[in-house]
Enquirer: 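There's a structure below that I have some questions on.
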Amino acid sequence: MSRSSLTRFLSGPFIFFTIIMMIKSSLAWIVIFDDIPVWKPLLTELPLIWIGFCLIEWFAAKRRMWMYLAVDLLLSGIFFAAIMHYKYYGVIVNYHALAQVNQVTSVKSSMFSLLDPYYLFIFADVLIIGGILTRRRIKLGSTERPNRIPLERRARRRVASVILILSMILCMLNIYPNRASMSELTQAEQMGILGYEAYTILDRPDKPVPIAQIDQTDIDQLKQTTELPAILEKGAASGRNVIMLQLESFQNFLIGLEVDGQEITPNLNQLARKNLYFPNFYQQVGQGNTSDAEFVVNTSFYTPPNGAATTVYADKALPSLPKLMSANGYQTATFHTNDVRFWNRDQLYKALGFDQYYDIDYFGTQDSIAFSASDEVLYSKTLDKLESMQSSGNPFYAHIISMSAHHPYTLPKNKVKLTLPERYKDTLPGNYLISQHYADQAVGQLIAGLKERGLWENSLLVLYGDHLGLPIYSLDKDDKVLMKELYGREYTSADMINIPLMISAPGVTPGVQLEQIGGQVDILPTIAGLTGVSLKDQLHFGQDLLHEGGNLLPERYYLPSGSVLNDASLFIPAKGYGDGTHYSLADAGRQDAGQQRTGVPSDETPQISGDEESPTIATPNNSGLSSSRFITKDQYDRALDLAHLSNSYLSQLPDRKAKQ
């Protein structure tokens with residue numbers, strides 16, 4: 001390889017597009033990662049970029065500029081997808097997410113709201129260079145210029161071969177040592193975004209545990225729950241209807257929140273004060289968001305490692321709450337104002353075993369908010385069906401999915417009933433509070449309707465949030481200032497996934513606030529306990545929150561894989577347990593319903609780095625929590641085993657169509 005060959009090679013499109021791609025990769029890194037050295041994208045992204053360019057130099061005899069532009073467009077699309085996926089979900093996109101690309105058009109308003117205009121510069125060069133090449137006004141690159149001697153293909157290949165070999169070695173050094181990292185963000189940071197994408201394509205899932213070796217005893221041994229003093233006897237709501245209400249994007253900090261003396265959720269505050277209220281309750285959704293919440297609460301299983309449960313598990317013969325209740329004489333129905341085909345719900349509802357579902361065909365499009373009929377329409381028309389079901393003489397289980405408070409929280413003017421201070425105007429937190437205030441008003445109308453139609457006294461109402469509404473990574477600087485004002489301290493990852501659970505049940509002492517931790521996976525066994533329905537033959541990963549404590553909640557999506565919650569802390573891994581971080585839950589979700597918290601100063605939620613042998617954790621002096629209740633290595637391992645068992649069992653279930 002001569003010096004002149006190398007010089008001529010480097011003066012061509014290879015270096016030109018290398019510079020362009022390094023600018024783009026740096027943009028993606030600035031958005032996704034914190035405090036990243038300048039050299040890190042260069043070391044991790046450049047090798048894979050060069051592999052693509054070297055292959056062009058090896059195999060493209062003609063139209064090299066078009067080939068470079070095609071690779072440029074492909075890599076630009078990957079970086080753009082990584083940015084947008086992170087802004088929405090807080091994790092790095094992988095090829096599994098492509099299966100849900102068709103869902104993006106249905107929530108395009110949410111995606112556009114997260115799009116900073118400068119993100120689009122990532123495609124600017126493609127348009128400019130593509131236009132130039134199309135019009136043939138100028139040709140870039142040494143081989144496209146007629147007045148220059150073209151570099152011999154053999155010499156070009158020699159140079160490309162050397163760079164290709166070096167790039168492949170660097171790729172292996174970036175990827176191979178970091179395969180065992182639990183956190184996808186850590187993997188992407190160490191491997192590079194492109195390296196991580198390549199790794200996920202080639203990676204194979206963990207070998208499943210044989211389904212014959214999975215039973216409830218195994219799950220119970222991993223969970224190691226403790227017995228709680230009985231608040232209500234099992235079967236306290238036996239024979240009652242079960243109405244489960246899933247609130248869109250509803251976070252727990254809204255309960256009891258006041259801004260300028262205005263209650264944001266007065267109806268839900270009252271419900272919390274008069275019934276069972278679990279402030280330390282957490283989402284467990286995956287990529288399917290709302291549909292995943294529907295899956296988790298109706299199965300007491302976790303979401304899959306990749307993809308949405310509605311696409312990964314919908315063809316399986318699932319054990320479920322609707323089937324359980326049907327076997328005990330209940331009618332079952334689910335109510336959702338959107339098209340049932342969205343997120344593959346038509347298949348999910350069949351897999352769950354609902355007798356009936358009601359979607360846009362029933363609710364229509366009148367009084368539309370976001371992309372479906374308003375919550376007012378949802379509740380009004382649902383009440384008609386519930387009244388009809390009750391008149392049949394058999395109890396019913398109804399699952400109602402609200403929608404109006406959907407991101408990006410843009411209500412029609414005639415629905416806005418909350419006046420906020422000027423500093424909240426046209427901000428994400430401000431729009432969120434306004435939307436949730438409307439959602440609360442609609443819930444008040446539902447409760448009033450249940451009472452007017454004679455349904456309230458005969459029903460068990462279970463209300464919870466489906467998933468977070470204000471992702472930390474979607475907030476700009478001003479938004480974070482407002483969130484600190486609302487919380488009286490920094491807004492944390494634990495706050496972000498904290499949703500409320502309320503249960504209106506007979507025999508409840510008003511104002512019972514239960515401090516035990518819970519997750520969406522616990523709703524099924526809690527309902528079973530209240531209604532007296534046996535779980536003897538029903539495999540489940542949750543626990544009865546009224547009778548069992550000592551919870552252990554593995555998390556997927558919105559937090560790195562391997563994140564775990566226990567009664568006192570949230571653990572987020574990096575490569576694994578030893579270098580992860582423990583966050584105290586002392587300040588997250590622990591407040592009295594009706595307490596005004598706006599502007600009240602408080603200590604920031606403490607955090608510490610993990611230690612393989614003896615991690616410690618600091619909690620505020622007034623937290624009332626033992627400083628030893630961090631996530632131990634044993635709990636961390638057991639949580640990972642629980643998540644693996646769940647996926648192993650579900651993935652090996654028979655196909656529901658074949659079983660039928």
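Being a predicted model, the structure only gives us computed values, none of them experimental. Note: hydrogens, waters and symmetry copies are ignored here, and every other heavy atom, side chains too, is used. All residue numbers in this chain count up from 1 along the given sequence.
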Enquirer: Kindly give the heavy-atom pair with the smallest separation between Leu470 and Gln251, and that separation in Å.
Expert: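 Shortest heavy-atom contact: N-OE1, 2.7 Å.
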Enquirer: According to side chain to side chain contact (heavy atoms under 4.5 Å, CB included), who are the partners of Asp206, at least two apart in sequence or on a separate chain?
Expert: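 Listed in chain order: His644.
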Enquirer: So which of Asn252, Asn498, Leu501 actually passes side chain to side chain contact (heavy atoms under 4.5 Å, CB included) with Pro279?
Expert: Asn252
Enquirer: Between Phe295 and Leu650, is there a side-chain heavy-atom distance shorter than 4.5 Å?
Expert: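 Yes; the side chains approach each other to less than 4.5 Å.
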Enquirer: Quick one, His336 and Tyr349 - any side-chain contact, counting heavy atoms below 4.5 Å?
Expert: yes
Enquirer: What's the separation between atom CG in Asp440 and atom CG in Leu433, rounded to the nearest 0.5 Å?
Expert: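 Separation between the atoms: 12.0 Å.
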Enquirer: Donor-acceptor pair, distance only, cut-off 3.5 Å: does the side chain of Asn275 make one with the backbone of Leu271?
Expert: yes
Enquirer: If you round to the nearest 0.5 Å, how far is CE of Met244 from CG of Leu524?
Expert: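 CE of Met244 is found 8.0 Å from CG of Leu524.
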Enquirer: Checking the side chain of Ser380 only, and the main-chain atoms of Val377 only, is there a donor and an acceptor separated by less than 3.5 Å?
Expert: no
Enquirer: Is a side-chain N or O of Tyr409 found less than 3.5 angstrom from the main chain of Gly469, in a donor-acceptor match?
Expert: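 Between the backbone of Gly469 and the side chain of Tyr409 there is a qualifying donor-acceptor contact (under 3.5 Å).
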Enquirer: Between Thr290 and His467, does any side-chain donor sit less than 3.5 Å from a side-chain acceptor?
Expert: yes
Enquirer: Between Leu570 and Ser493, is a side-chain contact (heavy atoms from CB on, under 4.5 Å) present by the stated rule, with each step listed?
Expert: CA-CA 9 Å; Leu570 164 67; Ser493 294; 4.2 Å; yes
Enquirer: Looking only at non-hydrogen atoms, find the nearest pair between Leu232 and Leu276 and report the distance.
Expert: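 For Leu232 versus Leu276, the nearest heavy atoms are CD1-CD1, 4.1 Å.
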Enquirer: Please lay out, stage by stage, how Leu228 and His547 fare under the test side-chain contact (heavy atoms from CB on, under 4.5 Å).
Expert: CA-CA 5 Å; Leu228 292 175; His547 297 91; 5.6 Å; no
Enquirer: Would you say Tyr558 and Asn289 are linked by a side-chain donor-acceptor pair, where the criterion is simply a distance under 3.5 Å?
Expert: yes
Enquirer: Do the side chain of Ser646 and the main chain of Leu642 share a donor and acceptor less than 3.5 angstrom apart?
Expert: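 Here the side-chain-to-backbone pair does not exist.
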Enquirer: Please give me the minimum heavy-atom distance between Ile369 and Ser374, naming the atom from each residue.
Expert: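 Heavy-atom minimum between the residues: CD1-CB, 3.7 Å.
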Enquirer: Using salt bridge (charged side-chain N to carboxylate O under 4.0 Å, His left out) as the criterion, list what pairs up with Asp384, not counting sequence neighbours.
Expert: Arg453
Enquirer: Do we see a donor-acceptor contact under 3.5 Å between the side chains of Tyr302 and Glu555?
Expert: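 No - no donor-acceptor pair under 3.5 Å links their side chains.
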Enquirer: Given the ring of Tyr358, does Lys385 sit roughly above its face, with NZ or CZ under 6.0 Å from the centre of the six-membered ring and within 45° of the axis?
Expert: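 Checked: cation-pi criterion not met.
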Enquirer: Please answer whether the main-chain N or O of Tyr362 pairs with a side-chain N or O of Lys381 as donor and acceptor at a distance below 3.5 Å.
Expert: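 Flag set: sc Lys381 to bb Tyr362 pair under 3.5 Å.
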Enquirer: Using distance alone, with no hydrogens and no angle criterion, decide if Gln287 and Tyr557 have a side-chain donor and acceptor under 3.5 Å apart.
Expert: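 On atom types as modelled, these side chains qualify, holding a pair under 3.5 Å.
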Enquirer: For the side chain of Thr303 and the backbone of Ala309, is there at least one donor-acceptor N/O pair under 3.5 Å apart?
Expert: no
Enquirer: Taking the side chain from Lys323 and the backbone from Ala351, do they hold a donor-acceptor pair closer than 3.5 Å?
Expert: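 Judged by distance alone, yes, a pair lies under 3.5 Å.
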Enquirer: Going by atom type alone, with no hydrogens or angles, which donor-acceptor pairs under 3.5 Å involve a side-chain atom of residues 528-542 and a protein atom two or more places apart or on another chain?
Expert:
unit_1	atom_1	unit_2	atom_2	d
Thr531	OG1	Ile527	O	2.8
Thr531	OG1	Ala528	O	3.4
Ser534	OG	Lys536	N	3.1
Gln538	NE2	Ser320	O	3.3
His540	ND1	Gln216	OE1	3.4
His540	ND1	Gln538	O	2.7

Enquirer: Evaluate the criterion ring-ring contact (aromatic ring centres under 6.0 Å, His included) for residue pair Tyr330 and Phe396; output intermediate values, then yes/no.
Expert: CA-CA 5 Å; Tyr330 279 71; Phe396 62 77; 8.3 Å; no
Enquirer: Do the side chains of Tyr277 and Pro500 get nearer than 4.5 Å, heavy atoms only?
Expert: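 In contact.
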Enquirer: Determine which pairs satisfy salt bridge (charged side-chain N to carboxylate O under 4.0 Å, His left out) with at least one residue from residues 230-255, sequence neighbours left out, and list them in order.
Expert: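 Every salt bridge (charged side-chain N to carboxylate O under 4.0 Å, His left out) pair that includes a residue of residues 230-255, provided the two are not neighbours, is Lys234-Asp544.
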Enquirer: Just how far is it from atom CG of Leu247 to atom CD of Gln436, taken to the nearest 0.5 Å?
Expert: 7.5 Å
Enquirer: Against Ile243, only a single residue in Leu446, Leu386, Thr382 fulfils side chain to side chain contact (heavy atoms under 4.5 Å, CB included); can you say which?
Expert: Leu386
Enquirer: Is there a donor in the side chain of Asn647 and an acceptor in the side chain of Ser651, or the other way round, less than 3.5 Å apart?
Expert: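 Per modelled atom types, Asn647 and Ser651 side chains form no pair under 3.5 Å.
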Enquirer: Hey, what do you get for CG (Asn298) to CE (Met325), rounding to the nearest 0.5 Å?
Expert: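 Result: 11.0 Å between the selected atoms.
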Enquirer: Determine whether Leu318 and Tyr313 satisfy the following criterion, side-chain contact (heavy atoms from CB on, under 4.5 Å), listing intermediate values before the conclusion.
Expert: CA-CA 8 Å; Leu318 298 172; Tyr313 298 141; 4.3 Å; yes
Enquirer: Between His407 and Tyr432 (side chain of the first, backbone of the second, donor and acceptor by atom type, cut-off under 3.5 Å), is there such a pair?
Expert: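 Absent.
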Enquirer: Has the side chain of Ser183 got a donor or acceptor atom that lies under 3.5 Å from a matching backbone atom of Leu185?
Expert: yes
Enquirer: State, yes or no, whether a side-chain contact exists between Trp456 and Leu461 at a heavy-atom distance under 4.5 Å.
Expert: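 A side-chain contact exists here, since the closest heavy-atom pair is under 4.5 Å.
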Enquirer: Taking atom types as modelled and ignoring hydrogens, do the side chains of Asn551 and Asp522 form a donor-acceptor contact shorter than 3.5 angstrom?
Expert: yes
Enquirer: Using the test salt bridge (charged side-chain N to carboxylate O under 4.0 Å, His left out), find all partners of Asp367 that sit at least two apart in sequence or belong to another chain.
Expert: Lys415
Enquirer: Pairs in or reaching into residues 288-312: which pass salt bridge (charged side-chain N to carboxylate O under 4.0 Å, His left out), with residues at least two apart or in two chains?
Expert: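 Salt bridge (charged side-chain N to carboxylate O under 4.0 Å, His left out) check on residues 288-312 returns Glu294-Arg345.
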Enquirer: Regarding Gln390 and Asn241, is there a side-chain donor-to-acceptor distance under 3.5 Å anywhere?
Expert: yes
Enquirer: Do the non-hydrogen side-chain atoms of Tyr199 and Gln187 ever get within less than 4.5 Å of each other?
Expert: yes
Enquirer: What distance do Leu268 atom CG and Leu245 atom CG have between them, rounded to the nearest 0.5 Å?
Expert: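 So the gap between those two atoms works out to 8.5 Å.
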Enquirer: With side chain to side chain donor-acceptor pair (under 3.5 Å) as the test, would you mind laying out the steps for Asp355 and Thr332 before giving the verdict?
Expert: CA-CA 5 Å; Asp355 296 333; Thr332 63; 3.3 Å; yes
Enquirer: Under a 3.5 Å threshold, yes or no: a donor from one side chain and an acceptor from the other, between Gln331 and Ser392?
Expert: yes
Enquirer: Quick one, Val285 and Asp466 - any side-chain contact, counting heavy atoms below 4.5 Å?
Expert: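 Heavy-atom side-chain distance check fails, nothing below 4.5 Å.
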Enquirer: If we ignore hydrogens and angles and just use 3.5 Å, is the side chain of Gln284 paired with the main-chain N or O of Arg556 as donor and acceptor?
Expert: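 Not at all, since once roles are kept as given, no pair shorter than 3.5 Å links the two residues.
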Enquirer: When you check the side-chain N and O atoms of Asn328 and Tyr397, is any donor under 3.5 Å from an acceptor?
Expert: no
Enquirer: What's the spacing between Asp637 CG and Gln635 CD if we round to 0.5 Å?
Expert: 10.5 Å
Enquirer: Could you tell me whether the side chains of Ser561 and Glu184 share a donor-acceptor contact shorter than 3.5 Å?
Expert: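 Ser561 vs Glu184: donor-acceptor pair found between side chains.
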Enquirer: Would Gln520 and Tyr464 count as having a side-chain donor-acceptor pair, cut-off 3.5 Å?
Expert: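 Not at all, the side chains of Gln520 and Tyr464 share no donor-acceptor pair under 3.5 Å.
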Enquirer: Looking at Glu457, I'd like to know if its CD atom is crowded, meaning that more than 12 non-hydrogen atoms belonging to other residues, nucleotides or ligands lie closer than 6.0 Å.
Expert: no
Enquirer: Can Asp375 and Ser404 be counted as having a side-chain donor-acceptor contact under 3.5 angstrom?
Expert: yes
